[in-house]
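Everything quoted here is computed from the prediction, not taken from an experiment. Whatever order the structure lists ligands and atoms in, that order sets their numbers, starting from 1. Because only heavy atoms are used, hydrogens play no part in the values below, and waters and symmetry mates are left out as well, while side chains stay in.
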Amino acid sequence: MALQAALLPSTLSVPKKGNLAAVVKDTAAFLSVPQKKLLQVPSLSVRAQAVATAPVATPGASTATKDGKKTLRQGVVVITGASSGLGLAAAKALAETGKWHVVMACRDFLKTAKAAKGAGMAEGSYTIMHLDLASLDSVRQFVDNFRRAGMPLDSLVCNAAIYRPTARTPTFTADGYEMSVGVNHLGHFLLARLLLDDLQKSDYPSRRLIILGSITGNTNTLAGNIPPKAGLGDLRGLAGGLRGQNGSAMIDGSESFDGAKAYKDSKICNMLTMQELHRRYHEETGITFASLYPGCIATTGLFREHIPLFRLLFPPFQKFITKGFVSEAESGKRLAQVVSDPSLTKSGVYWSWNKDSASFENQLSQEASDPEKARKLWEISEKLVGLA
Ligand code: LMG
Ligand code: NDP
Ligand code: PMR
């Protein structure tokens with residue numbers, strides 16, 4: 001107990017023994033994973049984590065070295081969809097530095113545990129917490145669980161996404177919204193809004209909120225002009241609740257469903273949301289808001305629903321013809337830079353990388369940078385997630 005008190009900062013509210021058990025129990029019930037199994041993951045308990053790692057690596061604690069110099073405490077970053085692809089690669093890259101404790105916010109606990117182990121992430125460098133972005137209740141529950149775990153929040157990465165290129169009919173989230181926009185945009189919108197408070201409370205020098213964008217949502221590029229093109233129109237479908245039956249499942253209100261367009265539309269929403277957050281909160285809070293196109297990571301699970309021929313040809317096509325290909329490891333490094341590189345603190349930026357893997361501020365398409373559309377998207381989204 002004394003050791004625990006010494007290692008944890010006073011600002012942290014660490015649950016007492018009974019409460020911590022309750023947190024784990026709740027989480028276990030929520031995940032429907034036997035409690036025993038959960039407790040075997042050493043990084044789940046904040047207290048165990050704090051005791052197990054060196055003082056300099058304690059999430060939330062500022063520590064002094066022998067010569068009295070203060071060192072930066074370990075940061076805590078939440079990454080959604082860290083069970084595969086970019087999210088997993090970034091989680092690994094950040095955890096490996098020792099400067100970050102990664103909260104892997106994922107819908108499949110066991111898959112994530114296996115993925116983290118398979119990637120060679122050190123036990124104690126991450127915590128897995130359940131989050132299903134296809135359910136707004138789950139988003140709220142995640143925020144609750146995260147707060148009860150007693151960690152500070154220094155950086156949030158909204159990375160998870162689904163892509164349904166071959167779907168001819170829409171599927172829906174627990175709340176009845178079309179799945180691609182529901183998961184990629186609305187789930188993240190609620191998560192980001194709720195966790196803004198936590199970011200604001202953090203004493204970490206550079207707090208960041210990052211939302212993944214993409215080249216395919218930007219019609220000012222060649223890739224953004226491959227049909228079907230992204231376009232939100234006047235947002236009438238979104239305003240109608242993206243229900244499908246007596247309205248449209250598409251944001252622009254079109255009658256026919258197009259899974260590839262729904263994904264690209266959701267990416268416009270992600271990029272507009274980042275800019276609206278920047279306009280509303282950057283000055284007041286000092287939080288850095290950013291988006292990025294990490295490169296074409298043609299080998300990830302994102303393309304799992306595409307036809308086998310596409311999955312076979314897409315990586316060599318991107319490698320040898322467009323030369324837009326990046327490996328998962330390289331893309332992970334890029335995202336890790338946006339989370340923690342001291343030179344990437346500018347807010348409101350959409351980052352991209354050139355052929356030498358140097359970052360630069362990229363231009364968004366007209367629609368993906370339209371402030372009026374961003375405001376309207378914000379207001380409709382607030383209603384759909386129950387914030388207004
Ligand atoms: C829409 O179609 C769908 O309608 C929608 O449902 C959704 O899936 C959406 O964005 C997803 O796509 C869009 C797309 C469908 O249509 C087009 O883009 C039309 C243009 C097609 C023109 C092809 C140009 C080919 C360029 C050369 C490529 C050669 C690659 C070989 C690499 C080898 C390197 C050593 O398109 C598709 O779904 C398929 C697209 C697949 C992209 C990968 C490119 C493969 C092209 C197929 C060529 C086959 C040949 C093989 C050759 C071998 C050569 C040595
Ligand atoms: P992956 O499919 O590998 O990873 C997506 C992650 O999202 C997985 O961990 C997946 O979980 C998770 N996820 C999906 N649905 C939900 C849900 N309902 N709740 C919680 N998590 C969910 O794809 P990528 O790594 O390629 O994609 C990561 C991000 O990068 C996306 O935002 C994508 O738009 C963006 N991006 C990707 C590009 C690429 O070329 N791949 C290019 C540009 C942007 P599970 O493992 O359980 O399925
Ligand atoms: Mg695209 C010029 C370069 C370029 C780049 C950087 C991408 C990225 N793509 C490019 C070109 C082309 N693509 C061309 C010329 C074609 C016609 C053959 C083409 C096709 C294509 C398809 C069918 N590309 C795709 C698809 C998908 O299904 C992917 C998609 O749109 O997912 C939404 C995709 C992508 N191309 C990219 C990137 C990054 C993707 C994945 C999209 C994303 O994650 O946002």
Return the closest protein heavy atom for [atom] as residue, atom name and distance.
{"atom": "atom 5 (C) of ligand 2", "answer": "Ala161 O, 3.7 Å"}
{"atom": "atom 33 (C) of ligand 2", "answer": "Tyr263 OH, 3.4 Å"}
{"atom": "atom 27 (O) of ligand 2", "answer": "Leu302 CD1, 4.3 Å"}
{"atom": "atom 20 (C) of ligand 2", "answer": "Leu131 O, 3.3 Å"}
{"atom": "atom 30 (O) of ligand 2", "answer": "Leu86 CD2, 3.5 Å"}
{"atom": "atom 1 (P) of ligand 2", "answer": "Ser84 OG, 3.4 Å"}
{"atom": "atom 9 (O) of ligand 2", "answer": "Ser83 OG, 2.7 Å"}
{"atom": "atom 26 (O) of ligand 2", "answer": "Thr300 OG1, 2.6 Å"}

Do we see a donor-acceptor contact under 3.5 Å between the side chains of Glu330 and Trp353? no
Ignoring hydrogens and geometry beyond distance, is a side-chain donor-acceptor pair present between Ser135 and Asp137 at under 3.5 Å? no
Which pairs would a plain distance check flag for residues 307-314, meaning a side-chain donor or acceptor within less than 3.5 Å of a matching protein atom at least two apart in sequence or in another chain?
{"unit_1": "Arg311", "atom_1": "NH1", "unit_2": "Arg304", "atom_2": "O", "d": "3.1"}
{"unit_1": "Arg311", "atom_1": "NH1", "unit_2": "His306", "atom_2": "O", "d": "2.7"}

Can you check whether [X] has an N/O within less than 3.5 Å of an N/O in ligand 2?
{"X": "Phe303", "result": "no"}
{"X": "Leu212", "result": "no"}
{"X": "Gly213", "result": "no"}
{"X": "Leu133", "result": "yes"}
{"X": "Asn159", "result": "yes"}
{"X": "Arg107", "result": "yes"}
{"X": "Val183", "result": "no"}

Gly85 neighbourhood, listing ligand 2 atoms whose heavy-atom distance to it stays under 4.0 Å: 3 (O), 25 (O)
Atoms in ligand 2 with a heavy atom of Asp132 nearer than 4.0 Å: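 In order of number, 17 (C), 18 (N), 19 (N).
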Step by step, work out the salt bridge (Lys or Arg N to Asp or Glu O under 4.0 Å) result for Glu178 and Arg243. CA-CA 6 Å; Glu178 187 281 313; Arg243 305 273 166 188; over 6 Å; no
Of the listed options (Ile215, Asn218, Ile226), which comes nearest to atom 21 (C) of ligand 3 when hydrogens are ignored and any heavy atom counts?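 That would be Ile226.
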Return the option from Gly87, Gly217, Ala160, Gly295 holding the heavy atom at the smallest distance from atom 22 (C) of ligand 2.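 Ranked by closest heavy atom to atom 22 (C) of ligand 2, first place is Ala160.
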Does Thr216, backbone or side chain, put an N or O under 3.5 Å from an N or O of ligand 3? yes
Could you list the residues that satisfy ring pair (Phe, Tyr, Trp, His ring centres under 6.0 Å) with Tyr177, not counting sequence neighbours?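 So Tyr177 forms no ring pair (Phe, Tyr, Trp, His ring centres under 6.0 Å) with any residue.
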Is it true that Gly187 lies under 4.0 Å from ligand 2, counting heavy atoms only?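 Outside the 4.0 Å threshold, so no.
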Taking the basic N atoms (NZ, or NE/NH1/NH2) and the acidic carboxylate oxygens, is any pair closer than 4.0 Å for Lys383 and Glu379?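 Between Glu379 and Lys383 there is no salt bridge, as every charged N stays at least 4.0 Å from the carboxylate O atoms.
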One residue to check: Thr221. Relative to ligand 3, which of side chain, backbone, both or neither has a non-hydrogen atom less than 4.0 Å away? neither
